[in-house]
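Below is one structure, written out as structure tokens; the observations come after it.
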Amino acid sequence: MSNVRCRIAPSPSGFLHIGTAKTAMYNWLLAKSTGGTFVLRLEDTDAERTDEQYVQAMCEGFRWLGIMWDEGPEFGGEPERGDFGPYRQSQRRELHRGEALRLLSEGKAYKCFCSKEEIEAERERATQEKRPPRYSGKCRNLTPEQTAALEAEGRSFVLRFRVPEGETVIHDLIQGDVRFENKEYDDFIILKANGDPIFHLAVVVDDGHMKITHVIRGDDHLTNAGRHVMLFNALGYPLPKFAHHPLVLDEVGRKYSKRLHGANVLDWREDGYLPETLINYIALLGWTSEEANREFFTLDELKGLFTIERLSKSPARFDRKKLDWLNGQHIRRLSQEELRDRVVPILQKNGLDTGIKSEEWLTRMAGICQEKLPTLNHIVEYADFFFQDIAEYDAKSVLKLWKTDGAIERMRNIQQAMAAIEVWNHDTLKAAFEALTAASGEGLGKFVHPTRLALTGKPVGPGLFELTELLGKEESLARIAKAISYIESLGGTPS
RNA sequence: GUCCCCAUCGUCUAGCCUGGUCUAGGACACCGCCCUUUCACGGCGGCGACAGGGGUUCAAAUCCCCUUGGGGACGCCA
């Protein structure tokens with residue numbers, strides 16, 4: 001058991017963002033690969049943007065991916081776990097306040113009476129004059145008398161951190177040493193006028209008190225890390241190790257916006273992707289295995305292979321095509337039973353009554369589709385004909401396969417051959433079709449494709465003999481008969 | 001505007017730290033061919049990159065600098 005403790009500290013804003021998922025997974029992986037502890041802490045300090053429903057939605061994302069926490073808040077009926085709670089930032093307000101006040105008493109923070117409007121105006125002026133927008137430090141050197149006087153006036157104040165002189169270095173596990181001149185930071189607020197802590201204070205206090213040893217997070221926090229290091233030092237907490245990884249970029253290379261489809265990891269569930277696929281893909285979005293030329297990983301395998309050292313410094317774009325490929329790989333790796341269980345609900349959701357078939361039959365159905373499915377959702381396209389009559393035949397295929405000379409004769413031959421089969425299975429069907437081709441001297445495809453059209457209404461799907469066996473003799477013959485009368489109704493055939 | 005980070009095929013990357021083994025390897029995508037009942041899978045092959053410029057060095061994708069490009073941060077949001 002190591003003492004590694006890492007955390008994911010998302011702000012519950014509605015759903016689990018793909019970038020948050022990636023950060024969470026790397027932290028989880030570090031914890032799991034070292035026998036450490038993975039903590040979930042909700043950064044719900046911003047009351048206006050927090051809602052229990054958001055928490056639920058986000059945690060469902062984690063749950064789907066299989067990234068569970070060792071310590072975390074009570075949630076969805078489960079009790080709080082861990083000795084460092086509470087795990088909701090909003091419930092740690094007094095601690096944050098206390099630490100802020102401690103900094104104040106130690107002279108490491110000071111009261112600032114500037115109004116929001118003043119600050120904003122200042123910032124605007126700076127931006128217009130193309131200066132960096134920073135707090136002027138106006139209240140930094142207020143005398144105790146001035147402070148008392150302002151307070152007596154009833155002016156509200158915030159607490160600002162007194163940024164020390166010098167330089168701050170972050171020994172980042174991914175980025176290397178990153179140096180900041182402290183001048184680059186203004187005296188940032190740590191406690192709002194209403195007494196709530198500001199993010200920077202809250203994270204540092206919480207990370208400190210929760211004994212977090214490693215902070216892996218997006219490099220949008222790299223500049224914040226400077227503030228945090230100063231705060232850790234001022235508060236007298238030991239410094240955790242930092243690792244800032246690049247953000248997930250969308251397909252055009254921008255920060256993956258939360259408005260984009262796919263920003264929510266559950267969008268992918270919706271689209272028929274396996275959680276295994278997302279795990280694998282997200283891992284690859286910034287990490288490579290030491291073992292060269294390998295892309296397929298399960299969560300469990302990742303657990304054994306993950307090291308921070310193999311995390312990449314450069315940002316990666318999201319590539320849908322590669323995700324699709326990976327999804328196919330993972331689908332093919334499922335057992336037929338697993339695939340069945342994942343695919344049946346999708347059929348049901350699409351109004352197909354799977355209850356009319358046995359479990360065993362559904363397993364076989366999943367099996368014959370397995371090699372073909374790019375996503376789980378494609379099951380509808382590949383197997384709907386098993387559960388309902390054919391509404392219409394694919395027009396293009398009709399033109400190509402049925403609206404031709406000899407189409408009817410061909411179908412009748414097929415009908416005859418099929419009707420004559422006594423033991424109805426893949427092999428006997430195949431033999432019957434082969435006999436047909438032998439007799440006609442034509443390729444197998446000449447018989448297979450029209451039959452597929454008759455049986456499924458489509459040009460694509462599972463292997464014909466497999467599907468026909470599963471459809472059953474009676475139903476298959478009924479559909480062939482129906483197809484023949486349809487072809488007849490087509491009327492004259494062009495030459 | 002200021003600061004920070006990044007930079008190898010279209011995309012994800014290996015290699016870079018510890019220069020020579022790199023006429024730069026793999027994967028996705030794309031294009032051929034093969035297998036084949038379509039699609040998919042699989043097999044084989046092809047296309048395709050060290051951003052540019054300066055150094056350092058006998059030797060640079062690998063080290064240094066500049067430029068360019070991309071990203072991020074500058075809230076009483078987190």
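A note on names: the letters A, B, ... follow the listed sequences, proteins ahead of strands, and every chain is numbered from 1. Small disclaimer: the values here were computed from a predicted structure and weren't measured.
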Separation of B/C41 P from A/Glu371 CD (nearest whole Å): 9 Å
Residues in side chain to side chain contact (heavy atoms under 4.5 Å, CB included) contact with A/Asp186, at least two apart in sequence or another chain: A/Arg134, A/Tyr135, A/Phe188
Quiz item: A/Lys430 side-chain donor-acceptor pair to B/U37 base, under 3.5 Å: no
A/Pro132 side chain, from C-beta outward: closest of B/U37, B/G26, B/U2: B/U2
Separation of the P atoms in B/A29 and B/U37, to the nearest angstrom: 24 Å
Sequence-distant partners of A/Glu118, side-chain hydrogen bond (donor to acceptor under 3.5 Å, both in side chains), two or more places apart: A/Ser115, A/Lys138
B/C50: pairing nucleotide in any strand, Watson-Crick or G-U under 3.5 angstrom: none
Which residues share a side chain to side chain contact (heavy atoms under 4.5 Å, CB included) with A/Asp196, sequence neighbours left out: A/Arg93, A/Lys192, A/Asn194
Any A/Lys192 side-chain nitrogen or oxygen under 4.0 Å from OP1 or OP2 of B/C77: yes
Listed once per pair and sorted, the salt bridge (Lys or Arg N to Asp or Glu O under 4.0 Å) pairs that draw on residues 167-177 of chain A, sequence neighbours left out: A/Glu167-A/Arg179
Proximity to the side chain of A/Lys322 - top-ranked nucleotide from B/C76, B/A27, B/U37: B/A27
Distance-only donor-acceptor check, side chains A/Tyr486 and A/Glu392, under 3.5 Å: no
Axial cation check for A/Phe157 ring with A/Lys111, 6.0 Å and 45° limits: yes
Flag if over 12 foreign heavy atoms under 6.0 Å of CD, A/Glu153: yes
Rounded distance (Å) that lies between atom C1' of B/C76 and atom CZ of A/Arg93: 13 Å
Phosphate OP1/OP2 of B/C12: any A/Arg294 side-chain N/O under 4.0 Å: no
Sugar-phosphate only, base, or nothing, as touched by A/Arg310 at under 4.0 Å among non-hydrogen atoms: sugar-phosphate
All ring pair (Phe, Tyr, Trp, His ring centres under 6.0 Å) counterparts of A/His221, not counting sequence neighbours: A/Phe199
Whole-angstrom distance between B/G55 and B/A60, as gauged at atom C1': 12 Å
A/Arg333 CZ to B/A40 P, straight-line distance once rounded to whole Å: 24 Å
Value in whole Å for how far the C1' atom of B/U2 lies from CG of A/Asn182: 15 Å
List, with names and distances, any nitrogen or oxygen atoms from the protein found under 3.5 Å away from nitrogen or oxygen atoms belonging to nucleotides 48-52 of chain B.
none

Listed partners of A/Pro164 passing side chain to side chain contact (heavy atoms under 4.5 Å, CB included), at least two apart: A/Phe161, A/Asn182, A/Met230
C1' atoms of B/G70 and B/A27, separation to the nearest Å: 24 Å
Report all interatomic pairs (protein N or O, nucleotide N or O of nucleotides 3-9 of chain B) with separations under 3.5 Å.
{"residue": "B/C3", "atom": "O4'", "partner": "A/Glu184", "partner atom": "OE1", "Å": "3.3"}
{"residue": "B/C5", "atom": "O3'", "partner": "A/Gln175", "partner atom": "OE1", "Å": "2.9"}
{"residue": "B/C5", "atom": "O2'", "partner": "A/Gln175", "partner atom": "OE1", "Å": "3.2"}
{"residue": "B/C6", "atom": "OP1", "partner": "A/Lys313", "partner atom": "NZ", "Å": "2.5"}

Sugar-phosphate, base or nothing in reach of A/Cys369, heavy atoms under 4.0 Å: nothing
Touch class at under 4.0 angstrom, heavy-atom based, for A/Glu129 against every strand present: nothing
Nucleotide B/C77, atom C1' - distance to CG of A/Asp220 in whole Å: 13 Å
Any A/Lys396 side-chain nitrogen or oxygen under 4.0 Å from OP1 or OP2 of B/U38: no
Test: A/Arg217 cationic atom under 6.0 Å from A/Phe242 six-membered ring centre, within 45° of axis: no
A/Glu295 bridged to A/Lys322 by N-O distance under 4.0 Å: yes
All ring pair (Phe, Tyr, Trp, His ring centres under 6.0 Å) counterparts of A/Phe15, not counting sequence neighbours: none
B/U11 and B/C58, which share atom name P, separated by this distance in whole Å: 37 Å
Ion pair check, A/Arg92 and A/Asp206, cut-off under 4.0 Å: yes
Given B/A27, B/C39, B/C77, the nucleotide with the shortest approach to the side chain of A/Val460: B/C39
Nearest-angstrom distance from the residue atom CD of A/Glu290 to P of B/A14: 12 Å
Watson-Crick or G-U wobble mate for B/G45, both contacts under 3.5 Å: B/C31
Touch class at under 4.0 angstrom, heavy-atom based, for A/Leu247 against every strand present: sugar-phosphate
Distance-only donor-acceptor test, A/Lys116 side-chain atoms vs B/C76 base atoms, 3.5 Å: no
Out of B/A73, B/A78, B/C76, whichever nucleotide has its closest atom nearest the side chain of A/Ser11: B/A78
Inter-nucleotide P distance (B/G48, B/G54), Å rounded: 26 Å
Mate of B/C3 where both pairing distances stay under 3.5 Å, Watson-Crick or G-U: B/G72
Protein-nucleotide distance (A/Asn224, atom CG; B/C77, atom P), rounded to Å: 14 Å
List, with names and distances, any nitrogen or oxygen atoms from the protein found under 3.5 Å away from nitrogen or oxygen atoms belonging to nucleotides 42-45 of chain B.
none

Interatomic distance at C1', B/A78 relative to B/U21, whole Å: 50 Å
For B/C16, the Watson-Crick or wobble partner whose two distances fall under 3.5 Å: none
Pairing residues for A/Lys241 by the salt bridge (Lys or Arg N to Asp or Glu O under 4.0 Å) criterion, not counting sequence neighbours: none
P spacing across the pair B/C5 / B/C65, given as an integer number of angstrom: 11 Å
Assigned partner base of B/C22, Watson-Crick or wobble definition, under 3.5 Å: none
Interatomic distance at C1', B/G69 relative to B/G32, whole Å: 35 Å
Counterpart residues, side chain to side chain contact (heavy atoms under 4.5 Å, CB included), relative to A/Asn233 (two or more places apart): A/Val229, A/Leu239
Nearest-angstrom distance from the residue atom CG of A/Asn280 to C1' of B/C12: 12 Å
Partner nucleotide of B/U62 by Watson-Crick or wobble geometry (both distances under 3.5 Å): none
Side chain of A/Ala316 - closest among B/A73, B/C76, B/U13: B/U13
